[in-house]
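In this text the structure is predicted, and so the values were computed from the model without any measurement.
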Amino acid sequence: MLTLLCENRSFGGLHRRYRHTSAVLGCEMSLAVYLPPQALSGAAVPALWWLSGLTCTEETFMQKAGAQRLAASLGLALVAPDTSPRGPQVPTDPDGAWDFGHGAGFYLDASEAPWATHYRMHTYVVRELPDLLEAELPLNGRHGISGHSMGGHGALVCALRNPGRYLSVSAFAPITRPSTCPWGEKAFSRYLGSDPSPWAAWDATLLIPGALERLPLLVDQGSADPFLEDQLRPGELAAAAEAAGHPLQLRYQESYDHSYYFIASFIDDHLRHHAAALLV
């Protein structure tokens with residue numbers, strides 16, 4: 001059951017924050033939802049799921065991306081989960097590092113103790129939370145998914161692992177090869193174990209060759225992103241997509257960095273990309 005935390009009028013629709021108890025994650029979770037005006041008039045609307053990056057919460061995208069104006073016009077709901085399980089019962093990095101633990105769930109299902117009890121963000125995002133929201137809110141079951149950085153990785157992996165679940169997918173500055181970049185190696189070795197063999201199941205670049213669905217990918221990447229070469233490496237995603245014949249539009253945006261200034265500059269293109277699939 002959803003518990004309403006706050007509600008704000010926005011472009012004729014409603015921004016809401018909710019809390020609920022997640023059986024999958026074993027803790028209370030917060031999330032944000034934007035319902036466009038059409039949903040307040042009795043229509044069930046499609047939802048664009050947004051997965052945020054390291055250190056972010058469910059509030060980051062709603063406050064910084066500037067997506068509500070066009071979402072209201074198009075008739076798209078926006079759903080922003082938190083980036084990890086949280087709470088005193090949920091283990092986190094013992095040294096308080098920002099790139100692991102709380103705020104850094106990596107949208108996978110952990111297999112190693114002590115993380116496996118709570119860190120099951122993939123199942124939470126793909127199954128548990130959609131079922132809950134569609135039972136309680138005017139959503140019609142048509143899903144698109146997008147995200148930024150760690151969340152861009154999550155969006156690509158959710159779509160590639162679940163053919164037929166999403167009608168559209170996009171990403172901003174995604175971590176495209178988490179199994180071989182510092183952020184991903186740190187997270188995967190703890191959540192999934194030191195043997196790298198299972199890591200491939202959570203790596204978008206490695207999932208593309210065997211994908212059962214060729215859903216077109218839209219990826220924007222800033223050329224001035226400080227994480228471009230070491231952490232993100234979109235060129236490897238592009239090479240895998242070309243080899244597999246997987247449709248990918250990879251756009252390098254000159255002089256843009258990793259921030260929400262970059263996201264806000266191109267979010268309308270992504271909303272229209274999703275609307276073309278969700279509103280037919």
Side-chain angles (χ1 to χ4, degrees), residues 22-27 51-55 81-87 89-128 145 147-163 165 169 171 173-213 217 219 227-241 243-244 246:
S22 168
V24 167
L25 303 180
C27 64
L51 306 184
S52 291
L54 290 163
T55 76
D82 201 351
T83 51
S84 78
R86 298 183 192 262
Q89 77 275 37
V90 178
T92 190
D93 190 282
D95 300 319
W98 60 272
D99 58 354
F100 184 78
H102 291 186
F106 271 82
Y107 304 102
L108 51 72
D109 287 347
S111 58
E112 300 297 300
W115 318 107
T117 300
H118 299 284
Y119 285 82
R120 301 178 61 209
M121 287 296 293
H122 183 80
T123 296
Y124 174 70
V125 166
V126 174
R127 300 296 173 191
E128 185 185 31
I145 193 163
H148 172 230
S149 193
M150 177 187 73
H153 141 75
L156 295 175
V157 168
C158 285
L160 289 165
R161 284 176 59 102
N162 297 277
R165 182 67 172 173
V169 59
I175 303 171
T176 67
R177 279 300 309 274
S179 62
T180 59
C181 78
W183 284 337
E185 288 177 337
K186 178 178 181 178
F188 283 17
S189 64
R190 298 183 185 186
Y191 292 140
L192 303 173
S194 58
D195 177 6
S197 301
W199 299 5
W202 305 100
D203 185 310
T205 298
L206 299 181
L207 286 170
I208 278 181
L212 298 179
E213 179 182 44
L217 311 178
V219 174
F227 306 115
L228 176 58
E229 299 300 329
D230 291 341
Q231 304 282 12
L232 307 178
R233 293 153 56 181
E236 295 186 39
L237 181 75
H246 196 115

Going through the distances and angles, do Arg233 and Thr180 end up as a side-chain hydrogen bond (donor to acceptor under 3.5 Å, both in side chains)?
CA-CA 10 Å; Arg233 293 153 56 181; Thr180 59; 2.9 Å; yes

Before giving the answer on side chain to side chain contact (heavy atoms under 4.5 Å, CB included), spell out for Asp99 and Gln231 the whole-Å C-alpha distance, their side-chain angles and the decisive distance to 0.1 Å.
CA-CA 12 Å; Asp99 58 354; Gln231 304 282 12; over 6 Å; no

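Scanning for side-chain contact (heavy atoms from CB on, under 4.5 Å) contacts around Asp230 gives an empty result, with sequence neighbours left out.
Of the inter-residue distances, the one linking Tyr119 atom OH with Phe100 atom CZ reads 6.5 Å to the nearest 0.5 angstrom. Leu108 contributes atom CG, which lies 10.0 Å from atom OG1 of Thr123 (distance to the nearest 0.5 angstrom). If you take NE2 on His118 and CZ on Arg86, they are separated by 14.0 Å, rounding to the nearest 0.5 Å. How far NE2 of His153 is from CG of Leu232: 12.0 Å, rounded to the nearest 0.5 Å.
Contact annotation: the side chain of Glu236 never approaches that of Asp203 to less than 4.5 Å [non-hydrogen atoms, C-beta and beyond]. Between Glu128 and Arg120, the closest side-chain pair of non-hydrogen atoms is not below 4.5 Å. Side-chain atoms of Trp183 and Pro178, non-hydrogen and from C-beta on, never get closer than 4.5 Å to each other. Between Val219 and Thr176 there is no side-chain heavy-atom pair separated by less than 4.5 Å. Contact of the Met121 side chain with the Pro85 side chain is registered, since non-hydrogen atoms from C-beta on lie closer than 4.5 Å. Residues Leu54 and Thr83 have side chains not in contact (no heavy-atom distance under 4.5 Å, counting atoms from C-beta outward). Counting only heavy atoms from C-beta outward, the side chains of Trp202 and Phe106 never approach each other to under 4.5 Å. Counting only heavy atoms from C-beta outward, the side chains of Ile175 and Phe227 never approach each other to under 4.5 Å.
Screening Val157, Ile145, Asp82, Leu156 against Leu51 for a side-chain contact (heavy atoms from CB on, under 4.5 Å) leaves a single residue, Ile145.
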